[in-house]
Amino acid sequence: MPILKDGRRRQKPVKNFRSTGEAMRISRYIIPTLKDDPSDAVIVSHRLMIRAGLIRKESAGMYVYLPSGLKVLRKIINIIKEEMDRSGALEFLMPELTSADLWKESGRWDTMGPEMFRIEDRNGMEYSLAPTHEEAFTAVVRSVISSYRDLPVNVYQINTKFRDEIRPRYGVIRSKEFIMKDAYSFDIDDEGLEKSYQTMRKTYRRIFERCGLETIPVEADTGSMGGSDSEEFMVASEVGEETLLLCGQCGYRANQEKAEYKITIQRNGAERSEDLEIVDTPGVKTIEDLVKFFNCPEEKFLKSMIYLADDDPVMAVVTGDREINELKLKNYLGANSIEIAPDAAVEKVTGAPVGFAGPVNDLKVKTVYDRSVREVVNGITGANKADKHYKGVNPGRDFTIKDEADITSAKGGDLCPLCGKPMYEKKGIEVGHIFKLGRKYTESMNVKVLDKKGKEITPIMGCYGIGVNRTMSAIVEQHNDERGIIWPQSVSPFDVHLIGIAKSESEISEADKIYHALINSGFDVLYDDRNVSPGFKFADADLIGIPLRLIVGKSYFKDGKIELKLRKSGETEHVEKGLLVERVRELIKIDN
RNA sequence: CGGGGCGUGGCGCAGUCCGGUAGCGCACAUGGUUUGGGACCAUGGUGUCGGAGGUUCGAAUCCUCUCGCCCCGACCA
């Protein structure tokens, strides 16, 4: 989206141009509010953004920003820009159409998969509509640095990304085209990277705070990029696509895909080992079925799943009450990709149909055991034969645990890995992510600088992203009530919402005077000058959500006082015309 | 990609089972009365019923194909 590329037509310079502000009269503005909820919006921010006239859907995963929506987006962008600049980062503008050569250099032309839009020009040259810009930035930086003296450097842009999402959803939260602030730091060594990373940690906290967003920074996985530290900035939300584990005691906070937990050892010491016994279990396959069939708690069962890790079969064994965390498994195995094995592969490995896999008698396939498995006494597991399970299964005696790791997801109630107190779960929307990238790109794309001794070294990178549109959605998600949006002043589309309730020509001209006085004092005013009922205007104002409302109506025409009302609390006060500008200035600063 | 649902005026929907003049609310236009929490009266305009093909005297409705959208799942910032 050429939001930053100034696509406006060139205009003749106008001398002494002064805005008349006419465009901010609602009667002349485009802010199409809706009384009814759009039928295809399910979450509150999506509904409100459409109803308040900020965005319109163009098609699945693509949205039009109408004038007031764009104003909000720009305010968020400005905050991000100011804070990034303050941190010392340098702003660029990268092409969105990137040549395939770049991606081939890093190897991602092949590994990116279908989420990257690929296109050809008329000559058959291949391009990608950039889903991210590691390669592009690495290439520019490579071309302009040559010495350790040039580092550290942190480069960024605020620009559109394209991703062919499997399923766009929740309005602007997951779309095919979105604006992202992406930054990449280059340092000569780990200490430098740590410094850059810490600077971004602080910068991100400031950015979200200024946007009026309460975020929960959590430990996260670094994804396929490798690297060590990683922090995601999450906004708590029912519709969040991520699950977080939080410790109320010590403040441990992690994404479920990364979260660790202390294992609870409650081995029933009194229970005697039983003999291994084979049981007919026709058609009993799932843990749920097994619980009913054996009338045993979930944790008695050994769930055995076959995966393909980089195409090699691997069995993962966990207790029945736990979910396998594929990411942990993948990381433990050091694999690039991991997926559930197709049925045919399962049958080949276990010699039985899907649903009857188990570790007893040690299959030839590599098997990874969760830490919980060793505690099981007289467990039940598949017998690697159709319609048969073993009971009385005991680790050590009936199978050998060679590879043991934490390969299950933490869940609410599990014990904090740091302090041992129970953790709780929360859903969250990811609005920002910072992580130490390492040398993946600087190595594959051969970035070198000379160090103090004249020796070639490969710089180390950090990567820092913020989803801008998503941030806007998250702000609405966090600031609304049953009547509409309640913008934080810092990102409000206008400074004030002026409502004129005038009944005669002279009253209209009085209200217009106030409007002009406000504009001339530098305020960005949305002026409801429509000839509709007061209730209609109030309801629209509530929906649009500008934090400060001024009403020129009954009380003004009676005793010359303008009514000021705060959207959030509903508090009102009446101010003399002469003191209005000053008072508005004070009120607008409160929230910032 | 699997499962489910939906496409009818600008928006929200009814009509589809059981074929027979396309409707309702809101919005819109004009005139009038109103004016501090989504006013009222009168008049008016608005539709290739998502698209294509078929069945039929006749299709929004039945059949076939197709496109789009939403939800759940898998997957992912």
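All chains are named by letter (A, B, ...) in the order of the sequence lines, taking the proteins before the strands, and each is independently numbered beginning at 1. This structure is a prediction, so every number in the text was calculated from the model and none was measured. Below, each value reflects all heavy atoms present in this structure, side chains not excepted, and no hydrogens, waters or symmetry copies.
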| message | Using the side-chain heavy atoms of A:R549, tell me which of these nucleotides is nearest: B:A74, B:G37, B:A77. | response | B:G37
| request: Give one of base, sugar-phosphate or nothing for A:E232, where a contact means two heavy atoms less than 4.0 Å apart. | output: nothing
| said: On RNA chain B, does the nearest nucleotide to A:I173 precede the nearest nucleotide to A:A41 from the 5' side, or the other way round? Give the residue. | reply: A:A41
| request: Answer with base, sugar-phosphate or nothing: what part of the nucleic acid does A:V431 contact at a heavy-atom distance below 4.0 Å? | output: nothing
| If only side-chain N and O atoms of A:K57 are considered, is one of them under 4.0 Å from the OP1 or OP2 phosphate oxygen of B:C70? | yes
| Pick the nucleotide of RNA chain B nearest each of A:R167 and A:G553; which residue has the one closer to the 5' end? | A:G553
| query | Watson-Crick or G-U wobble partner for B:C1, using a 3.5 Å limit on both distances? | reply | B:G73
| A:S533, nearest nucleotide to its side chain (from B:G37, B:A39, B:C76) | B:A39
| What orientation do A:F208 and A:F233 show, parallel under 30°, tilted 30 to 60°, or perpendicular over 60°? | tilted
| message | Looking only at the side chain of A:A539 (C-beta and beyond, no hydrogens), which of the listed nucleotides B:A77, B:C75, B:G37 gets closest? | response | B:G37
| query | If we call it a pair only when both distances are under 3.5 Å in a Watson-Crick or G-U wobble match, what pairs with B:C40? | reply | B:G32
| field | Candidate list A:Y197, A:F435, A:F137, test side-chain contact (heavy atoms from CB on, under 4.5 Å), partner A:C463, passing option | value | A:F435
| note | The Watson-Crick or G-U wobble partner of B:U46, with both key distances under 3.5 Å, is none
| message | Can you tell me the base-pairing partner of B:U16? Count Watson-Crick or G-U wobble geometry only, both distances below 3.5 Å, and say none if there is no partner. | response | none
| message | Could you tell me the Watson-Crick or G-U partner of B:G68, where both distances fall under 3.5 Å? Say none if there is no partner. | response | B:C6
| Under 4.0 angstrom, heavy atoms only, what part of the nucleic acid is A:G465 near: base, sugar-phosphate, or nothing? | nothing
| said: Show the nearest heavy-atom pair for residues A:K176 and A:A60, with the distance to one decimal. | reply: CD-O, 4.0 Å
| request: Could you tell me whether A:E430 contacts a base, only the sugar-phosphate backbone, or nothing, with contacts defined as non-hydrogen atoms closer than 4.0 Å? | output: sugar-phosphate
| message | For a quick check of understanding: with a heavy-atom distance under 4.0 Å over all strands, which category does A:E326 fall into, base, sugar-phosphate or nothing? | response | sugar-phosphate
| field | Nearest-neighbour nucleotide for the A:S175 side chain, B:A77, B:C75, B:G37 considered | value | B:A77
Give me the distances for all protein-to-nucleotides 8-13 of chain B N/O pairs that come in under 3.5 Å?
from: B:G12; atom 1: OP1; to: A:S39; atom 2: N; distance (Å): 3.4
from: B:G12; atom 1: OP1; to: A:S39; atom 2: OG; distance (Å): 3.4
from: B:C13; atom 1: OP2; to: A:S39; atom 2: OG; distance (Å): 3.3

| note | note: A:R47, atom CZ; B:C70, atom P; distance rounded to Å ~ 16 Å
| remark: All heavy atoms of A:I43 vs all of A:I173, minimum pair found to be CD1-CD1, 3.7 Å
| message | When you measure from the side chain of A:S175 to the backbone of A:E177, do you find a donor-acceptor pair of N or O atoms at a distance under 3.5 Å? | response | yes
| task | Could you tell me whether the side-chain ring of A:F538 sits stacked on the base of B:G36, using a centroid cut-off under 5.5 Å and a plane angle under 30°? | result | no
| said: Please confirm whether the shortest side-chain N or O distance from A:Y170 to OP1 or OP2 of B:C76 is below 4.0 Å. | reply: no
| message | By the 4.0 Å heavy-atom rule, please label A:K503 as base, sugar-phosphate, or nothing. | response | sugar-phosphate
| task | Go through the steps to decide whether A:K440 and A:E134 satisfy the test salt bridge (charged side-chain N to carboxylate O under 4.0 Å, His left out), and finish with yes or no. | result | CA-CA 10 Å; A:K440 180 180 159 94; A:E134 280 83 2; over 6 Å; no
| field | Presence of salt bridge, A:D542 and A:K565, under 4.0 angstrom | value | no
| said: Assess, by modelled atom type and distance only, whether the side chains of A:S230 and A:H433 contain a donor and an acceptor separated by less than 3.5 Å. | reply: yes
| remark: With the side chain defined as heavy atoms from C-beta on, A:K565 is closest, among B:G36, B:G37, B:C70, to B:G37
| task | May I ask you to check whether A:Y65 and A:R74 show a side-chain donor-acceptor distance below 3.5 Å? | result | no
| Counting just side-chain N and O atoms, does A:R169 come under 4.0 Å of either OP1 or OP2 of B:C72? | yes
| query | Checking all strands, does A:S555 fall into the base, sugar-phosphate, or nothing category for heavy-atom contacts under 4.0 angstrom? | reply | base
